[in-house]
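One structure below.
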Amino acid sequence: MNVHVENTQADAQPRDRTFPENFLWGVATASHQIEGNNFSSDYWVLEHLQCTNFAEPSGDTCDSWNRWREDIAMVKALGLNTYRFSLEWARIEPERGRFSAAAIDVYRQMCAACREAGILPVLTLHHFTSPRWLAAAGGWETPDTVDHFGRYVEKVVRELGSLAGAFCTMNEPNAQVNSWVMRGERPYPEDNAMIAEATRASGSDRFNAYFMGDSYAVRDACLAAHARAMDIIRTVAPGVPAGMTLALQDILPAPGGEALHGKIFSEARAPFYEAVRNDDFLGVQPYMRLLVGADGYAPAPQDALKNASGNDVSTDVISVAIREAYTHAGVPIIITENGIETTRDEDRITHLRGSVGHLRTCRAEGIPVLGYIHWSLMDNFEWRSGYGPKFGLYSVDRKSFTRTPKSSAAVYRQLVRESGARPVSRL
Ligand code: BGC
């Protein structure tokens with residue numbers, strides 16, 4: 001294993017006092033994107049259909065189900081005190097009502113290993129994927145899902161609550177409504193054939209995976225599921241901080257786009273800000289700036305820092321998102337994801353330095369930003385786009401699974417070191 005990250009000259013520099021010693025410095029991953037062979041999940045079904053809209057199946061991904069010790073050693077080698085990863089519901093409850101003690105035990109060992117290394121495990125309870133049985137029963141469009149989710153959450157919070165550093169209930173439940181508003185219809189109408197085939201393949205009359213249904217029904221189910229999870233956490237693991245995470249791109253109106261822009265705020269943000277006012281924190285996930293014209297997104301300005309897909313990823317999007325979220329939600333903020341899709345690691349370095357600079361400005365303004373968790377620890381399975389997009393601080397060889405730090409890993413390590421990060425045992 002090659003987790004070593006080179007020291008850089010600036011290791012000797014004095015500590016930057018804008019960040020408290022218990023500021024969370026971390027990296028994030030998600031189970032389906034790194035564990036591999038998640039065959040009880042709804043996405044696994046979709047990835048293997050004839051009519052699939054996935055560029056390729058997830059397959060072994062980074063084989064983290066077998067290599068998680070190495071992953072935690074990589075987090076440690078970066079000098080970080082936080083690792084955000086997700087629990088895979090489909091592994092934990094592969095059949096309705098049947099929980100896998102062995103899968104829960106692996107997550108328990110992961111949490112314990114983080115604790116031993118002085119790393120706070122931040123556990124996401126739902127990161128897009130669900131068990132295939134849930135999708136075959138109508139998925140997130142059906143109100144019953146909230147009860148199923150509650151049963152799963154109660155189980156894992158009972159089992160892992162004593163080791164968890166924080167819980168993120170749901171990942172980006174606002175992203176679907178955002179897409180719906182922008183497209184004026186279901187997020188991915190081109191999925192109809194894929195969903196029809198999944199429905200037939202699973203012997204059901206409706207197959208609904210996250211991102212593929214009526215976004216408003218899904219939004220309401222997610223808000224109810226979040227509230228249910230918060231109640232469970234407060235009862236079963238009182239004292240473990242919890243909140244949800246939101247996709248918060250910096251969306252600006254171009255001429256003619258004012259109405260659409262207003263609709264995005266009122267339908268894909270305001271209901272979520274309203275719902276989190278009593279939470280312990282809000283997870284903020286900004287990646288890019290998007291200009292909304294009358295008919296959809298307008299092209300990015302020529303001179304902007306761009307990601308591999310040509311989106312404007314100027315580094316001040318992080319401060320715009322922090323200010324907006326804090327103004328409307330009024331709870332402490334954790335950046336639970338932020339990063340850049342690029343094969344140009346020098347751009348990742350520019351992006352990291354700039355983003356941390358804007359974070360510093362927000363803290364100096366007095367906004368309670370409690371942590372920065374970078375997406376992602378390593379290159380991984382980027383959903384429909386497959387393995388093309390690269391977000392990692394480490395690259396991963398697709399056959400040997402060897403992880404190799406990029407130059408940006410050393411830069412992140414240096415930034416964190418300068419900030420005076422210390423191991424933390426609680427948020
Ligand atoms: C998601 C991640 C995804 C990342 C980069 C976030 O919205 O939570 O799962 O990989 O964006 O696209």
Side-chain angles (χ1 to χ4, degrees), residues 26-36 38 41-44 46-47 54-56 58 61-62 64 83-90 122-130 140 168-179 182 187-188 209-212 215 218 222 226 243-251 268-269 272 282-290 306-313 317-318 321 325 334-343 347-348 351-352 355 372-396 408:
V27 277
T29 59
S31 46
H32 189 75
Q33 294 179 266
I34 64 162
E35 287 178 353
N38 184 20
S41 85
D42 50 1
Y43 273 56
W44 185 270
L46 296 167
E47 290 161 19
F54 284 73
E56 55 193 315
S58 49
T61 58
C62 305
S64 286
Y83 182 29
R84 173 181 175 230
F85 56 93
S86 72
L87 308 180
E88 185 58 52
W89 184 2
V122 173
L123 307 183
T124 306
L125 298 171
H126 187 269
H127 196 123
F128 300 161
T129 43
S130 303
W140 285 91
C168 298
T169 56
M170 308 220 54
N171 187 61
E172 300 188 343
N174 66 324
Q176 318 195 32
V177 183
N178 196 109
S179 311
M182 286 309 297
Y188 298 99
Y210 213 60
F211 282 117
M212 292 164 205
S215 300
V218 173
C222 289
H226 170 70
M244 70 161 77
T245 74
L246 293 179
L248 291 180
Q249 316 310 346
D250 179 18
I251 302 185
R269 297 205 176 176
F272 294 90
L282 174 61
V284 168
Q285 308 196 160
Y287 281 90
M288 58 187 84
R289 172 164 295 132
L290 297 164
K306 296 210 183 68
N307 66 11
S309 304
N311 298 115
D312 175 353
V313 291
V317 300
I318 195 170
I334 301 176
I335 297 295
T336 39
E337 283 184 33
N338 170 252
I340 176 173
E341 176 212 343
T342 188
T343 49
D347 286 354
R348 193 177 329 281
H351 186 266
L352 258 171
S355 301
Y372 176 82
I373 304 180
H374 188 77
W375 184 272
S376 181
L377 174 60
M378 60 194 145
D379 293 337
N380 58 48
F381 179 70
E382 179 58 20
W383 307 111
R384 288 170 191 254
S385 310
Y387 289 97
K390 309 288 184 209
F391 281 91
L393 294 165
Y394 284 74
S395 61
V396 179
S408 50

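First listed ligand is number 1; within each ligand, the first listed atom is number 1. Along the sequence shown, the residues carry numbers beginning at 1. Side-chain atoms are counted along with the backbone in the values below, which use heavy atoms only and exclude waters and symmetry mates.
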(request) List for me each residue that meets side-chain hydrogen bond (donor to acceptor under 3.5 Å, both in side chains) alongside Trp375, sequence neighbours excluded, and say none if there are none. (result) none
(message) So if I only count non-hydrogen atoms and take anything under 4.0 Å from ligand 1, which residues does that give, chain by chain?
(response) Gln33, His127, Phe128, Asn171, Glu172, Gln285, Tyr287, Glu337, Trp375, Glu382, Trp383, Phe391
(request) Determine the sole option in Glu35, His32, Gln33 for which the side chain to side chain contact (heavy atoms under 4.5 Å, CB included) test with Asn380 is passed. (result) Gln33
(message) Within the 4.5 Å heavy-atom criterion, are Phe128 and Ser86 side-chain neighbours or not?
(response) no
(message) Asn311 vs Glu341, test: side-chain hydrogen bond (donor to acceptor under 3.5 Å, both in side chains). Steps then yes/no.
(response) CA-CA 10 Å; Asn311 298 115; Glu341 176 212 343; over 6 Å; no
(request) Indicate yes or no: at least one non-hydrogen side-chain atom of Val317 is less than 4.5 angstrom from one of Tyr287. (result) no
(request) Taking the side chain as every heavy atom from C-beta outward, state whether Met182 and Ile251 have any atom pair closer than 4.5 Å. (result) no
